[in-house]
Amino acid sequence: MCGRFTRTKTVKEVARLFELAEPPPELAPRYNIAPTQQAAVVGLKPDGVTRGLIQIRWGLVREERHLKGAPLVNARAETADTRPTFSDLLESRRCLVVADGFVEWRKDHPGKDPHLFGLKSNEPFAFAGLWDVWHPPAGGKPILSFCILTTDPNELLKQLHDRMPVILRPDDFGRWLDPDAGTAEVRSLLHPYPADEMTAVALTTRINSPRNDDVACLEPLHV
DNA sequence: CCAGACGTTGTT
DNA sequence: GTCTGG
DNA sequence: CCAGACGTTGTT
DNA sequence: GTCTGG
């Protein structure tokens, strides 16, 4: 799955990659984004054309109970269009999750092999995400939140896990956000990213703690 | 008909 | 909103 | 995803 | 073991 990710690009790079008309004033690099924390996503503004970047909660909240128990950080791409929690969002609230890497923990590792890996692509990308606004019934601030779609692992990820996040190339950003895109077109984007365009690096356990959020989290493990 | 649930991981 | 269970 | 806290009774 | 916080 995808339970931790990074976003280290500068505002300038992000603005260019996502074609933002009005980039945020600043975007401090994040080396260790954990569930329930705020993270940057790009979506269409109400005009349905202009792209905007906002920082919202990772872990979808559509009801009170979503605040309890395991946060909804992922949604299965294969079934999202029939699950009540996700189906309407897949139609109308798709977003791009700004990221440049993610982490996988290999549970079942033989011997003393490293079991913690940082994954990157050679090319820029974004995760396919779904977002929503939830208004607490008791009143108070609305909560904006998102989750990341997952799909089958490619040959590389297969060694680490049985799921991987849906990774979109810049060429597909527009299609994913297009409010007029049909179900078939949207679904056609939800496939494993090719393994030969990705690299895995063994990491130390520094990134395990959500309290650590510095460049040392991405320091390769010296074998 | 109404009531109640509606998720993903991974682990066992 | 929609599906499942009773 | 992982980290970290968690409780009462009775003793100090 | 289980729940909360990040």
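Sequence lines set the chain letters: A, B, ... in the order given, protein chains first and strands last, and positions in each chain run from 1.
- Between dA5(B) and Arg83(A), no contact under 4.0 Å exists linking OP1 or OP2 to a side-chain N or O.
- Residue Glu78(A) qualifies as enclosed at atom CD: its count of foreign heavy atoms under 6.0 Å is above 12.
- Atom NE2 in His66(A) sits about 12 Å away from atom P in dA5(B), given to the nearest Å.
- No engagement by Arg62(A) is indicated, since no non-hydrogen atom pair under 4.0 Å with the nucleic acid exists.
- Checking Phe125(A), Tyr31(A), Phe102(A), Trp58(A) one by one against Phe5(A), the ring pair (Phe, Tyr, Trp, His ring centres under 6.0 Å) holds for a single residue, Trp58(A).
- Both key distances under 3.5 Å define a Watson-Crick or G-U pair, and stretches of 3 or more such consecutive pairs in DNA chain D run D:1-6 with E:1-6.
- For the P atoms, the distance linking dT8(D) with dT4(E) amounts to 16 Å, nearest Å.
- Regarding Leu130(A), its CG atom lies at a distance of 14 Å from the P atom of dG7(B), rounded to whole Å.
- Across every non-hydrogen atom of Met198(A) and Tyr193(A), the tightest pair is CG-CD2, 3.6 Å.
- Counting all heavy atoms, side chain and backbone alike, His66(A) lies closest to Leu60(A) at CB-O, 3.6 Å.
- Annotation: cation-pi pair Arg94(A)/Trp176(A) present, NZ/CZ under 6.0 Å from the ring centroid and within 45° of its normal.
- Taking the six-membered ring where the residue is Trp, the centroids of Phe117(A) and Trp105(A) are separated by 6.0 Å or more.
- A distance of about 26 Å separates the P atoms of dG10(D) and dT2(E), rounded to the whole Å.
- Pairing each heavy atom of Val61(A) with each of Ser145(A), the nearest pair is N-OG, 2.8 Å.
- Only the C1' atoms considered, dC6(B) is 26 Å distant from dG6(E), to the nearest whole Å.
- Checked by atom type, the side-chain pair Thr6(A)/Asp100(A) shows a donor-acceptor distance below 3.5 Å.
- One atom, CD of Glu64(A), and another, P of dG7(B), lie 18 Å apart when rounded to the nearest Å.
- Heavy atoms only, all atoms of each residue included: Lys120(A) and Gly101(A) are closest at CG-CA, 4.5 Å.
- For Leu89(A) and dG7(B), the CG to P distance is 12 Å, given to the nearest whole Å.
- Residue Asp162(A) contributes atom CG, which lies 7 Å from atom P of dT9(B) at whole-angstrom precision.
- Taking atom CG of Leu157(A) as the reference point, atom P of dT9(B) lies 13 Å away to the nearest angstrom.
- Partner Phe86(A) forms a side-chain contact (heavy atoms from CB on, under 4.5 Å) with one of Leu149(A), Leu130(A), Asp132(A), Asp81(A) and no other, that one being Leu130(A).
- Straight-line distance from the CZ atom of Arg93(A) to the P atom of dG1(C): 14 Å, rounded to whole Å.
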Which atom pairs link the protein and nucleotides 1-4 of chain B when you take only N or O atoms and keep those under 3.5 Å?
none

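- Counting all heavy atoms, side chain and backbone alike, Pro35(A) lies closest to Val73(A) at CB-CG1, 3.5 Å.
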Measure all distances between protein nitrogen or oxygen atoms and nitrogen or oxygen atoms of nucleotides 2-6 of chain E, and list the pairs falling under 3.5 Å.
from	atom 1	to	atom 2	distance (Å)
dG6(E)	O3'	Gln37(A)	NE2	3.3
dG6(E)	N7	Pro35(A)	O	3.3
dG6(E)	N7	Thr36(A)	OG1	2.5
dG6(E)	N2	Arg4(A)	NH2	3.4

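- Across the P atoms, dC1(D) and dT11(B) are found 7 Å apart, a figure rounded to whole Å.
- Distance Leu149(A) CG to dG7(B) P: 14 Å, rounded to the nearest Å.
- Nucleotides dC2(D) and dT9(B), compared at atom C1', are 13 Å apart to the nearest Å.
- Closest heavy-atom contact between Ile56(A) and Val41(A): CD1-CG2, 3.7 Å.
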